[in-house]
Amino acid sequence: MTGPRVRMAPSPTGFFHVGSARTALFNWLFARQNDGFFILRIEDTDAARNLDDAREGIVTAMAWLGLDFDAGPFLQSELWAEHVASAEALYANGYLYACDCTREQIDERIKGNAKPGYDGFCRDRHVVRSEVTVLRFRVPDEGVTIVPDIVRGDVSFPHDSYEDFIVVRSNGGVLYPLANMVDDRSDAITHIIRGEDLLPTTPKQVMMWEALNHCPEVAFVPHPLYAHLPMLVNEQRKKLSKRKDPVAVESYRDQGYLSSAFVNYLALLGWSPRGDEEIVSRETLVAQFRLEDVSHSPAFFDVKKLTHMNGEYIRALSLDAFIETATPWVAPWSNEWRPSDRAVPWSREQFDVALFAQVAHLVQERVATMGEIPAMVSFFFLDDVPYDDATFDKIIRNDPAAQTLLRSAIERFATVTWTTDVLHEATLALGEPLGMALRKSQAPIRCAVTGTSVGPPLFESMELLGREKVLQRLRDALVRAGA
RNA sequence: GGUCCCAUCGUCUAGUGGCCUAGGACAUCACCCUCUCAAGGUGGAGGCACGGGUUCGAAUCCCGUUGGGACUGCCA
């Protein structure tokens with residue numbers, strides 16, 4: 001295995017962030033294309049945030065996205081001893097020094113300073129380590145650190161813009177920049193592909209990586225290359241916020257976005273396939289993806305476009321595949337997995353699998369997400385028609401002509417041959433004496449039968465629903481209208 | 001404030017000095033199709049932030065301005 005070694009290192013929050021998903025995807029594409037090795041590592045160093053379910057959530061989301069990893073998931077906390085050993089090596093070789101300043105003391109001291117941040121007060125005080133001292137990294141006073149970045153080229157950071165940052169907490173805990181970097185060393189990571197928000201802290205890691213390579217007791221590890229991906233932003237052009245923006249991958253899955261469409265859309269954020277076609281297979285993604293081609297500017301996560309693409313993917317499904325895919329949304333009780341927090345409007349007894357199979361083709365081309373299906377077909381399964389009151393008033397209650405048409409429809413439909421075509425012709429004929437074109441005459445019937453003015457083709461729906469139910473609904477509508 | 005990143009239609013992007021009268025996609029508008037709604041088809045409107053250079057020639061290279069963003073924790 002001579003290919004690159006990459007890793008995805010999400011922190012365990014309650015859900016999988018779309019930004020993490022995009023980062024994971026780009027790592028995965030890079031690894032798969034180059035016969036590389038992809039590692040999943042969960043950054044659970046901060047004990048307060050450590051959640052037991054988080055690991056399972058991340059693994060589940062990765063599986064849904066179809067991003068398989070070659071090793072892991074590892075927990076960063078399990079490598080605690082190595083982090084400490086690396087910190088001790090840095091300390092022993094003079095790269096770290098102890099500091100017993102409190103936040104208050106520092107703030108007081110630097111109040112008037114032009115440059116914010118720690119002032120290096122303890123650099124040469126040889127403070128004795130204790131449970132109140134932290135370990136700080138001695139940042140060179142002059143010079144720059146260069147971050148080699150595949151996306152942006154070499155980025156140079158002046159040392160004097162960095163304070164002597166804390167590496168080890170007073171309680172002995174090793175902070176993220178070191179822990180994360182030590183893990184990358186032990187995993188022999190060759191390419192660090194992550195969000196641009198990490199770019200400013202990268203020089204710290206580069207400095208410490210180099211320092212470690214200079215420690216005689218530490219094995220030399222060649223420096224990795226970086227690829228900082230452009231941020232995913234909201235409409236306000238701010239970094240996607242987990243509080244204000246819809247960023248949970250799980251919620252997109254629950255709403256009925258297909259993972260294939262989701263992945264395809266994610267790939268388009270900061271990258272684009274060759275040619276004019278944006279809907280491309282996973283294989284094409286793997287074949288064409290280039291880190292060098294990743295764009296430099298932030299990308300807005302546009303749900304509208306995602307939704308459109310999802311509709312295209314749904315329509316491209318075979319009818320059988322569509323029915324199978326739809327099952328969790330229409331018959332959640334029959335599946336292992338079902339969308340969370342999604343109640344179906346009908347009961348298990350009311351639902352009719354065979355009928356749904358016949359209805360499916362009518363809705364397949366009308367929905368953009370699987371979650372839209374129930375509302376569109378509920379009138380097939382519900383005993384009481386789910387009337388939309390405003391529509392009912394407008395189309396039937398306040399329209400005497402519509403009521404007249406309904407009466408004649410009841411009479412006519414009682415004897416007519418029960419097929420789509422005949423129903424179509426009959427409705428056309430019913431409207432003529434009233435001076436109603438078909439688009440006008442079908443409206444009250446549609447409203448009476450389906451409860452609303454929009455939906456699947458009416459006459460096919462009526463055929464599938466059956467004569468008895470249709471006639472009953474027509475009569476009920478008149479009663480409801482008080483006519 | 002400091003450091004760094006970024007800048008093509010409203011949005012995602014193609015474009016790597018002449019193929020650009022700037023291409024595609026989403027959104028939007030119009031028309032067609034049509035039993036509603038979609039889908040589909042056709043067409044339209046819409047962009048190189050600004051100012052200087054470099055060059056025979058700049059969306060493309062350089063500088064500056066402006067604008068946006070990220071980071072700046074004993075979080076990750």
Side-chain angles (χ1 to χ4, degrees), chain A residues 9-13 43-46 48-49 76 99 102-103 113-117 132-136 147 149 151-152 155-163 165-177 179-180 195-203 228 230-231 233 235-239 265 268-279 293 295-309 311-312 315 362-368 372 376 395 420 423-424 427-428 431 437-443 445-447 450 452-461:
Chain A
S11 54
T13 49
E43 309 260 314
D44 61 340
T45 296
D46 185 11
R49 264 202 240 175
Q76 183 168 66
C99 165
T102 64
R103 188 69 251 175
N113 288 10
K115 178 186 162 190
V132 296
T133 55
V134 296
L135 256 29
R136 291 181 181 272
V147 175
D149 190 296
V151 174
R152 285 150 221 283
V155 186
S156 170
F157 296 84
H159 289 154
D160 62 15
S161 64
Y162 285 91
E163 63 175 349
F165 54 91
I166 296 175
V167 175
V168 181
R169 293 187 185 107
S170 51
N171 69 5
V174 173
L175 257 17
Y176 164 82
N180 171 263
E196 192 194 350
D197 48 344
L198 275 316
L199 186 53
T201 67
T202 306
H228 286 98
M231 233 61 252
V233 299
E235 255 174 318
Q236 285 73 240
R237 300 254 117 206
K238 303 269 199 227
K239 185 165 107 169
Y265 177 69
L268 262 28
L269 260 21
W271 181 81
S272 65
R274 302 180 188 294
D276 282 342
E277 190 50 67
E278 289 188 323
I279 299 204
D293 295 339
S295 98
H296 298 186
S297 39
F300 170 57
F301 186 87
D302 187 356
V303 181
K304 280 210 183 86
K305 182 157 180 174
L306 200 212
T307 303
H308 174 267
M309 282 186 90
E312 294 230 35
R315 275 171 259 129
L362 300 177
V363 295
Q364 180 174 6
E365 65 182 80
R366 292 184 157 69
V367 294
E372 295 169 27
M376 199 170 281
I395 308 254
T420 299
L423 256 11
H424 186 161
T427 303
L428 188 61
L438 186 58
R439 58 176 298 114
K440 191 85 176 134
S441 59
Q442 58 89 36
I445 298 174
R446 176 185 298 279
C447 182
T450 73
T452 175
S453 61
V454 300
L458 178 61
F459 306 116
E460 273 197 69
S461 298

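Letters A, B, ... are given to chains in the order of the sequence lines, protein chains preceding strands, and every chain is numbered from 1. Any value given below was found using the heavy atoms of this structure, including those in side chains, with hydrogens, waters and symmetry copies removed.
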Apply side chain to side chain contact (heavy atoms under 4.5 Å, CB included) to the pair A/H228 and A/V155, showing each step before the final yes or no. CA-CA 11 Å; A/H228 286 98; A/V155 186; over 6 Å; no
Assign A/V155 to base, sugar-phosphate, or nothing according to its heavy-atom contacts below 4.0 angstrom with the strands shown. sugar-phosphate
Between A/T420 and A/E460, is there a side-chain heavy-atom distance shorter than 4.5 Å? yes
Whole-angstrom distance between B/A76 and B/C19, as gauged at atom C1': 49 Å
Separation of B/C5 atom P from A/D197 atom CG, nearest Å, is 15 Å
How about CZ on A/R237, more than 12 heavy atoms from neighbouring residues, nucleotides or ligands closer than 6.0 Å, or not? yes
When the distance from CD of A/E372 to P of B/A38 is rounded to whole Å, what number comes out? 12 Å
Please check the phosphate of B/C6 (OP1 and OP2 only) for any side-chain N or O of A/R237 closer than 4.0 Å. no
Would A/E278 and A/E312 count as a side chain to side chain contact (heavy atoms under 4.5 Å, CB included) if you check the C-alpha gap in whole Å, the side-chain angles of each, and the deciding distance to 0.1 Å? CA-CA 11 Å; A/E278 289 188 323; A/E312 294 230 35; over 6 Å; no
Look at the side-chain N and O atoms of A/H296 and state whether any lies under 4.0 Å from the OP1 or OP2 oxygen of B/C5. no
Measure the distance from CG on A/D160 to C1' on B/G1 and round it to the nearest whole Å. 15 Å
Sort out the partner of B/C74 for me: Watson-Crick or G-U wobble, both distances under 3.5 Å, none otherwise. none
Side chains of A/V151 and A/E196: closer than 4.5 Å at any heavy-atom pair? no
Rounded to the nearest Å, what distance is computed from the CZ atom of residue A/R315 to the P atom of nucleotide B/A39? 6 Å
Measuring from the side chain of A/P200 (C-beta onward, heavy atoms only), which nucleotide among B/U36, B/C74, B/C71 has the closest atom? B/C71
Name the nucleic acid region contacted by A/F459, choosing base, sugar-phosphate or nothing; use a 4.0 angstrom heavy-atom cut-off, strictly under. base
Heavy-atom side-chain contact between A/V167 and A/P177 under 4.5 Å: no
With respect to the side chain of A/T201, which nucleotide from B/C71, B/C6, B/G2 is positioned closest? B/C71
Mate of B/G40 where both pairing distances stay under 3.5 Å, Watson-Crick or G-U: B/C32
Measure the shortest side-chain to side-chain distance between A/F157 and A/T202 over non-hydrogen atoms and say whether it is less than 4.5 angstrom. no
Could you tell me whether A/K238 contacts a base, only the sugar-phosphate backbone, or nothing, with contacts defined as non-hydrogen atoms closer than 4.0 Å? sugar-phosphate
Can you find an N or O donor on one side and an acceptor on the other, under 3.5 Å apart, linking the side chain of A/R366 with the base of B/U36? yes
What is the distance, to the nearest angstrom, from the CG atom on A/D276 to the P atom on B/C12? 19 Å
Would A/I166 and A/R136 count as a side chain to side chain contact (heavy atoms under 4.5 Å, CB included) if you check the C-alpha gap in whole Å, the side-chain angles of each, and the deciding distance to 0.1 Å? CA-CA 4 Å; A/I166 296 175; A/R136 291 181 181 272; 3.6 Å; yes
Mind checking who B/C20 pairs with, Watson-Crick or G-U wobble, both distances under 3.5 Å? none
Using a 4.0 Å heavy-atom cut-off, does A/A299 contact any base of the nucleic acid, only the sugar-phosphate backbone, or nothing at all? sugar-phosphate
How close or far is atom P of B/C4 from atom CG of A/L199, stated in whole angstroms? 11 Å
What integer distance in Å separates A/E235:CD from B/G68:P? 17 Å
Considering every strand shown, what is the Watson-Crick or G-U wobble mate of B/A49 when both distances are under 3.5 Å? B/U65
Protein within reach of the bases, or only the backbone? For nucleotides 59-67 of chain B, mark each nucleotide 5' to 3' as B, S or -, using heavy atoms under 4.0 Å. ---------
Hey, what are the protein-to-nucleotides 26-29 of chain B N/O distances that come in under 3.5 Å?
{"residue": "B/C26", "atom": "OP1", "partner": "A/H308", "partner atom": "NE2", "Å": "3.2"}
{"residue": "B/C26", "atom": "O2'", "partner": "A/K305", "partner atom": "N", "Å": "3.4"}

Within the structure shown, what part of the strands sits under 4.0 Å from A/G270 by heavy-atom distance: base, sugar-phosphate, or nothing? sugar-phosphate
Is there a donor on the side chain of A/R446 or the base of B/C35 sitting less than 3.5 Å from an acceptor on the other? yes
Using Watson-Crick geometry (N1-N3 plus N6-O4 or O6-N4) or G-U wobble (N1-O2, O6-N3), each under 3.5 Å, B/C26 is paired with B/G10
It should be established whether A/S295 places a side-chain nitrogen or oxygen under 4.0 Å from OP1 or OP2 of nucleotide B/U13. yes
Check this for me: does the side-chain of A/S170 come within 3.5 Å of the base of B/C74 through a donor and an acceptor? yes
How far apart are the C-alpha atoms of A/V132 and A/S170, what are their side-chain angles, what is the distance that settles it, and do they pass the side chain to side chain contact (heavy atoms under 4.5 Å, CB included) test? CA-CA 5 Å; A/V132 296; A/S170 51; 5.5 Å; no
Taking the C1' atom in each of B/G15 and B/C9, what is the distance between them to the nearest angstrom? 14 Å
Would you classify A/T450 as touching base, sugar-phosphate or nothing, given that sugar-phosphate means primed atoms plus P, OP1 and OP2, and contacts are heavy atoms under 4.0 Å? nothing
If I take atom CD from residue A/Q442 and atom CZ from residue A/F459, how far apart are they, to the nearest 0.5 angstrom? 6.0 Å
Just checking A/S453: base, sugar-phosphate only, or nothing, at a heavy-atom cut-off of under 4.0 Å? base
One should read off an interatomic distance between A/E235 CD and A/F301 CZ, to the nearest 0.5 angstrom, of 12.5 Å
Determine the contact category for A/R274: base if any of its heavy atoms lies under 4.0 Å from a base atom, sugar-phosphate if only primed atoms, P, OP1 or OP2 are that close, otherwise nothing. nothing
Rounding to the closest angstrom, what is the interatomic distance between B/A58 and B/G51 at atom P? 14 Å
Would you classify A/P230 as touching base, sugar-phosphate or nothing, given that sugar-phosphate means primed atoms plus P, OP1 and OP2, and contacts are heavy atoms under 4.0 Å? nothing
If you assign each of A/L268 and A/T102 to its closest nucleotide in RNA chain B, which residue comes earlier from the 5' end? A/L268
Considering only atom C1', compute the distance from B/G46 to B/U28 and round it to an integer number of Å. 10 Å
Starting the side chain at C-beta, find the nucleotide from B/C37, B/A76, B/A7 nearest to A/S297. B/A7
Once you round it to whole Å, what is the distance between P of B/A70 and CG of A/D149? 18 Å
Base, sugar-phosphate alone, or nothing: which one does A/P457 contact when heavy atoms must sit under 4.0 Å apart? base
Can you figure out which of B/U3, B/C12, B/C35 approaches the side chain of A/R439 most closely? B/C35
Considering heavy-atom distances to RNA chain B, does A/Q236 or A/L458 have its closest nucleotide positioned more toward the 5' end? A/L458
To the nearest 0.5 Å, what is the distance between CD1 on A/I445 and OG1 on A/T427? 4.0 Å
Closest nucleotide among B/C5, B/U11, B/C75 to the A/F300 side chain: B/U11
Mind listing the closest non-hydrogen atom pair of A/E372 and A/R366 along with its distance? OE1-O, 4.1 Å
